[in-house]
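Before any comments, here is the structure.
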Amino acid sequence: MEKEKLLEIKNLKVKFTTERAVSYALNGVNLTIHKGESLGLVGESGAGKTTTALSVLQLISKNGQYTDGSILYNGKELMGSAEKEMLPIRGHKISMIFQNPLTSLNPVFTVGEQIGMVLRQHLGMNQKQALERAKELLETVGIAAYRVNDYPVQFSGGMRQRVGIAAGIACNPELLIADEPTTALDVTIQAQILELMKRLQKEYSTSLLMITHNLGIISELCEKVAVMYAGRIIEYGTVQEVFHHPMHPYTEGLLGALPSLDSDKSELTAIPGTIANASNLPDGCRFHPRCVSCREQCRKQQPAMVQINDDHYVECFAHEGGTV
Amino acid sequence: MKEQINEERKQPLLTVSHLKKYFKISGKGMLHAVDDVSFEVYPGETLGLVGESGCGKSTVGNVLMQLLDKTDGNVNLNGKDMYKVPKKEICQQMQIIFQDPYSSLNPRQTIRTILSEAYIIQKICRKGPELDKRLLELCEAIGLAPELLDRYPHELDGGMRQVVGIGRALSLNPSFIVCDEPVSSLDVSVQAKIINMLMRLQRERGISYLFISHDLSVVRHISDRICVMYLGQVVEMADTDTIFANTLHPYSIALLSAVPRVSDTKVSRIVLKGDVPSPMNPKPGCRFAPRCWMARPECFEKDPEFQEVEPGHYVRCFYYEQSREEMKTAETTGITD
């Protein structure tokens, strides 16, 4: 059963130029999200997760430059779209929940005004309608409607993030991008947010791009997972496949490095070395200096994405030919 | 890895009894950051201290290190009242590793200066070949390339800086180290390296750790015993296996069920309502009662005692016996405030 493609990123390359160096944040990202699907994007800091998300919305900062690739949304090219064409998409068709709920809300507007702003902009509601709808949305995310005229400072971290989610789902988007939505929150509050997102996903059947470094969250919330390293997707597949039969040495390393709540590991397997420096990337496979099973070929050539089975793809020479 | 210390309990290295730390907030009253905390740390063991932000974990660590004055209570180190031992002597026995390796190293000092400071202040040796020898030994112990000694902190990445932080704590060969969230600002792959190193150093030198963290899986991995804190109080304490297999306090149960897991074991989740209340002028009664999913009228009136319910397992709850039963029947509560 082939689902319809909602978003297709092809060979996306982004570089950032600063006074001191050029850093290559994305080096050929290929990623597809189907309608109604939830995809987790995982990787360590600096892997390019957030840059990927911001590229979809064409929001990367001024010193960033798209050097190659295309982003197709419902078959429409977003790359190089004029600001005017992006506006009806941002926050309406594709919306985003940011990591830090403290800085992503404007402190001088009430939460009702901020949620209403999205509604007025995209759905053409008037002030009164927007406020009414904002109340409903707050109820949906578990905040009492009477708080609609409160300012962000009057809310706790977890509730601010809920306001962010309410604004994110206000226009019933086709794709919701959540960039580390719970990283700044405590575990019990994180559990509240995760349950909320699960519920909303079921009710609205929105597609979800979940960015996180927490493998546990992905395992709970997503069907598919893409593992990122140094600006490339190095492994992709269903959560079941990737987490239980990891193929790429980096994915294996990540899973081995994670202490578990359920089993006793006598020693964690640390990945040697440090994360590749985006302004001084190694040749060949970006992971080879840290890889335990590095071969001669890995130093020179960039491996291509290999299909292992229907639900599993990996970018590593060790699995070339598709054999398991 | 987790040695059983239950048999023939040794003398505790550190005994903390009824420790309190209140902060006076002008115009608002007293903030009860740490309210009646008691625990013991035995030689060579790791005691994990878990809880959410604002529960007083770090304050406990800071009070133990005398970075903050206590309000009340007692701390005994090797059977002696810690507050009567000269600070200089305490420093040789107790050290701390801070959370943020970026702000805990002086940016104007080279790694060499940072690591030699303790030797010089304690007059163990002066600058010269003796000090160099000691620094090399230290570098070897923490796996720091000696070339890095003349670098500045900004030239190192987060993981390496934390290694320097650990080296600084180790330099005087202390018997007790407070690890205040030492890995929470690091990426997973680097985090594993630091955890492995801390565990190796413990095996080699028999150091005791008070390991403060909000990450339950890390705490489970490294600790022999675990204290769960909520709003300035320890609500449950037991050895690691017991606390995971036989969780009794309703807060610990909810906390454990809240962690997203990679494995297939599906845990019925108890979603706590609302947020952690303010530790300002707490009302009488159990601190957890307003969020508790099994609270009864009594819980709002009386303070539960911190009682030993089985050998080595302490719980601060009136109805701990019912908690596991009720968890089975408890529905995953809806999200409302």
Side-chain angles (χ1 to χ4, degrees), chain A residues 43-47 141-144 147 155-159 162 182 185-196 199 212-221 239-240 243-244 250 253-275 277 290, chain B residues 1-2 50-55 157-160 183 185-197 199-200 214-222 240-241 244 251 254-267 269-276 291 332-337:
Chain A
E44 295 179 277
S45 37
V141 296
I143 297 176
R147 301 206 57 179
F155 292 91
S156 65
M159 289 174 90
R162 287 181 198 201
T182 59
L185 306 173
D186 273 317
V187 218
T188 58
I189 310 297
Q190 168 174 294
Q192 293 173 355
I193 300 288
L194 291 182
E195 293 295 326
L196 170 67
R199 206 188 78 212
T212 177
H213 62 265
N214 188 327
L215 301 176
I217 293 180
I218 299 231
S219 155
E220 269 201 21
L221 218 56
V239 169
Q240 189 71 16
F243 284 177
H244 293 275
Y250 178 65
L254 268 189
L255 288 163
L258 207 67
S260 159
L261 265 190
D262 301 309
S263 61
D264 283 315
K265 287 183 193 168
S266 54
E267 184 132 350
L268 304 172
T269 45
I271 307 175
T274 48
I275 299 152
N277 181 349
R290 302 176 73 189
Chain B
M1 168 194 61
K2 282 162 195 161
V50 284
E52 298 179 273
S53 42
C55 73
D157 63 58
M160 263 349 233
V183 294
S185 63
L186 306 174
D187 269 314
V188 196
S189 64
V190 185
Q191 168 180 308
K193 209 182 306 179
I194 299 287
I195 292 175
N196 285 343
M197 188 170 102
M199 291 174 81
R200 174 176 58 84
H214 65 273
D215 188 332
L216 280 154
S217 28
V218 170
V219 170
R220 165 171 188 169
H221 184 79
I222 199 169
T240 306
D241 294 335
F244 279 89
Y251 175 66
L255 189 68
L256 291 182
S257 78
V259 183
R261 296 160 195 239
V262 174
S263 64
D264 287 331
T265 355
K266 285 283 168 258
V267 190
R269 172 173 289 170
I270 291 168
V271 179
L272 291 180
K273 296 179 184 179
D275 288 298
V276 182
R291 291 176 87 198
T332 315
T333 338
I335 310 159
T336 40
D337 281 296

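Residue numbers begin at 1 in each chain, while the letters A, B, ... track the order of the sequences. The structure presented is a predicted model; accordingly, all values stated were derived computationally and were not measured.
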Inset, instruction - Would you mind telling me which of L254(A), I189(A), L221(A), V239(A) has the largest number of heavy-atom pairs within less than 4.5 Å of chain B? - result: I189(A)
Inset, instruction - Kindly give the heavy-atom pair with the smallest separation between Q192(A) and K273(B), and that separation in Å. - result: NE2-C, 3.7 Å
Legend entry - Contact origin within I195(B) toward chain A - heavy atom pairs under 4.5 Å: side chain
Inset, instruction - Under the salt bridge (charged side-chain N to carboxylate O under 4.0 Å, His left out) rule, collect the residues that match up with R290(A), sequence neighbours excluded. - result: none
Inset, instruction - Measure the spacing between CZ of R269(B) and CD of E220(A) and express it to the nearest 0.5 Å. - result: 4.0 Å
Legend entry - Under 4.5 Å from any heavy atom of chain A - which part of R200(B): neither
Inset, instruction - Could you tell me which residues satisfy side chain to side chain contact (heavy atoms under 4.5 Å, CB included) with N214(A), sequence neighbours excluded, listed by chain and number? - result: Q190(A), T212(A), I217(A), P260(B)
